[in-house]
Amino acid sequence: MNTSKISININSTINSGQYFLWEKINNSWYGIYEDSILKITSPKDNGNVTYEYDSFPEIENWQHDVFRFEDKYDDIINEISKKDKIIENIIKEYSGLRIMRQKPLQCIISFLCSSNNNIPRIRLILRNLSRKFGKKIEWNNNTFYTFPTLKMLSNISQAELLQCGFGYRAEYVRKTVKSIVDQEIDMNLVRNSDYAKSKQEILKLSGVGEKIADCILLFSFDKMEAFPIDTWIIKLFQKKLGHIIISDLDLKINDKINPNQYKLVSKKIREHYGKYSGYAQQFLYYSIREENRRRW
DNA sequence: CGCCAGGGATCTT
DNA sequence: AAGATCCATGGC
């Protein structure tokens, strides 16, 4: 176990719809990461304080990987803050919110599950899946289950997926797992290419469209310019963000946007916020949902 | 009962 | 090529 003083707000970071398999027990957060359980204890309930990091089985310094401590966080948010007044105020209000880095398989399945769904239910489905098919770990008088491996996932029947609550997304999971097993998608290419090329490749997966592709690239493949555009971001775009991003806005944006509109808006947004647009997105998203008092 | 939820695939024009 | 419709499931 060790501690660090890097600027981070654990509650907003963990509980902001990016990494679903975490739960708070007493004064600690527990998260699922590969074959280990991660643990963070906050001496106070929130704020930028010193946290204690632990894991079982032990992973050395996992927090640097998971919380992206290699990012120059202060430089990034200072840079983004200059882009417009809206983001400046939001970053000030929610300082310490970070992007987390998760393992690709868990991230892909998680966001497959996110389409036309809500966050509490996404978490429930993923917990059901882990409880049934993950490895059981007893630690600190609590029982945890790791996320199923690729091999395990490939052996799960459609009926069992439905039992977990995937609904119509069960078919996406089945096809996507098969594509990965059969190496119809090149994970090394996704990892090592630039944003555009990586996105093109990840879009081959069934159930992965423009938005979910951006989530996967941002949250597990280090493509920090990826800016997922979901229904909440669209609401913000309609209300006030649109005229900041696109001068002389003649673009009609409905509640649901088609892929071409997505690409256009995405391009403009990334031109506006720059190569760390993903951070801007996380702040905007968190802020809108908090304003609307949505459950995480 | 209808509506909504971090959308995407498929069918229709 | 763009637009409309359908998709399981649970909370409200």
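Naming: A, B, ... by sequence-line order, numbering from 1 per chain.
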Novice: Parallel, tilted or perpendicular for A/Trp22 and A/Phe67, by the 30°/60° rule?
Specialist: tilted
Novice: When you compare B/dG8 with C/dG10, how far apart are their P atoms, in angstrom units rounded to a whole number?
Specialist: 22 Å
Novice: Could a donor-acceptor pair under 3.5 angstrom be found where the side chain of A/Tyr168 meets the base of B/dG7?
Specialist: yes
Novice: Is it the case that the side chains of A/Gln238 and A/Asp255 hold a donor-acceptor pair, with the cut-off being a distance below 3.5 Å and no angle test?
Specialist: yes
Novice: Distance criterion of 3.5 Å, no angle test: do you see the side chain of A/Lys256 paired donor-to-acceptor with the base of B/dG7?
Specialist: yes
Novice: Taking CD1 from A/Ile125 and C1' from C/dG11, how many angstroms apart are they, rounded to a whole number?
Specialist: 13 Å
Novice: According to the interplanar angle, ranging from 0 to 90°, do the rings of A/Tyr94 and A/Tyr286 count as parallel (below 30°), tilted (30 to 60°) or perpendicular (above 60°)?
Specialist: perpendicular
Novice: Please give, in whole Å, the distance from C/dT9 C1' to A/Arg121 CZ?
Specialist: 4 Å
Novice: Toward the 5' end of DNA chain C, which comes first, A/Arg295 or A/Gly165, by nearest nucleotide?
Specialist: A/Gly165
Novice: Take A/Leu124 and A/Tyr172, find for each the nucleotide of DNA chain C with the closest heavy atom, and name the residue whose nucleotide sits nearer the 5' end.
Specialist: A/Tyr172
Novice: Find the distance A/Ile119:CD1 to B/dC4:P and express it as a whole number of Å.
Specialist: 18 Å
Novice: Closest nucleotide of DNA chain B for A/Ile229 versus for A/Lys175: which of these residues is on the 5' side?
Specialist: A/Ile229
Novice: Measure CD1/A/Ile257 against P/C/dA4 and give the value in whole Å, please.
Specialist: 15 Å
Novice: Using the P atom as the reference point in each nucleotide, state the distance between C/dT5 and B/dC3 in Å, no decimals.
Specialist: 14 Å
Novice: Is A/Asn260 near enough to C/dA1 that one of its side-chain N or O atoms lies under 4.0 angstrom from OP1 or OP2?
Specialist: no
Novice: Separation of A/Arg123 atom CZ from B/dA5 atom P, in whole Å?
Specialist: 18 Å
Novice: Determine the contact category for A/Ser16: base if any of its heavy atoms lies under 4.0 Å from a base atom, sugar-phosphate if only primed atoms, P, OP1 or OP2 are that close, otherwise nothing.
Specialist: base
Novice: Using a cut-off of 4.0 Å on non-hydrogen atoms, how would the nucleic acid contact of A/Glu171 be classed: base, sugar-phosphate, or nothing?
Specialist: nothing
Novice: Compute both the distance and the angle, then confirm whether A/Arg98 meets the cation-pi test with A/Tyr73: under 6.0 Å from the six-membered ring centre, within 45 degrees of the axis.
Specialist: yes
Novice: Rounded to the nearest Å, what distance is computed from the NZ atom of residue A/Lys211 to the P atom of nucleotide B/dG7?
Specialist: 5 Å
Novice: Between the side chains of A/Tyr276 and A/Asp71, is a donor N or O closer than 3.5 angstrom to an acceptor N or O?
Specialist: no
Novice: Could you tell me whether a side-chain N or O of A/Asp186 sits under 3.5 Å from a main-chain N or O of A/Asn188, the two making a donor and an acceptor?
Specialist: yes
Novice: Starting from the 5' end of DNA chain B, give me the residue, A/Phe20 or A/Val208, whose nearest nucleotide shows up first.
Specialist: A/Phe20
Novice: Flag as yes if A/Tyr285 stacks onto the base of B/dG6 (centroids under 5.5 Å, planes under 30°), otherwise no.
Specialist: yes
Novice: C/dG10 P sits how many Å from A/Gln163 CD, rounded?
Specialist: 12 Å
Novice: To the side chain of A/Phe219, which of B/dG6, C/dA8, B/dG8 is closest?
Specialist: B/dG6
Novice: Measuring only the P atom in each nucleotide, how far is C/dC6 from B/dG2? A whole number of Å is fine.
Specialist: 14 Å
Novice: Compare side-chain N and O positions of A/Thr231 against OP1 and OP2 of B/dG7 and report whether any pair is under 4.0 Å apart.
Specialist: yes
Novice: Have a look at A/Gly17 and say if it touches a base, only the backbone sugar-phosphate, or nothing, with a 4.0 Å heavy-atom cut-off.
Specialist: base
Novice: Nearest-Å distance, CZ (A/Phe227) to P (B/dG6)?
Specialist: 16 Å
Novice: Could you tell me whether the phosphate oxygens of B/dA5, OP1 or OP2, come under 4.0 Å of any side-chain nitrogen or oxygen in A/Asn116?
Specialist: no
Novice: Heavy atoms under 4.0 Å, any strand shown: does A/Gln282 hit a base, just sugar-phosphate, or nothing?
Specialist: base
Novice: When you compare the side chains of A/Asn11 and A/Lys24, does any donor N or O come within less than 3.5 Å of an acceptor on the partner?
Specialist: yes
Novice: For a quick test of reading the model: is some side-chain N or O of A/Arg289 closer than 4.0 Å to OP1 or OP2 of B/dG6?
Specialist: yes
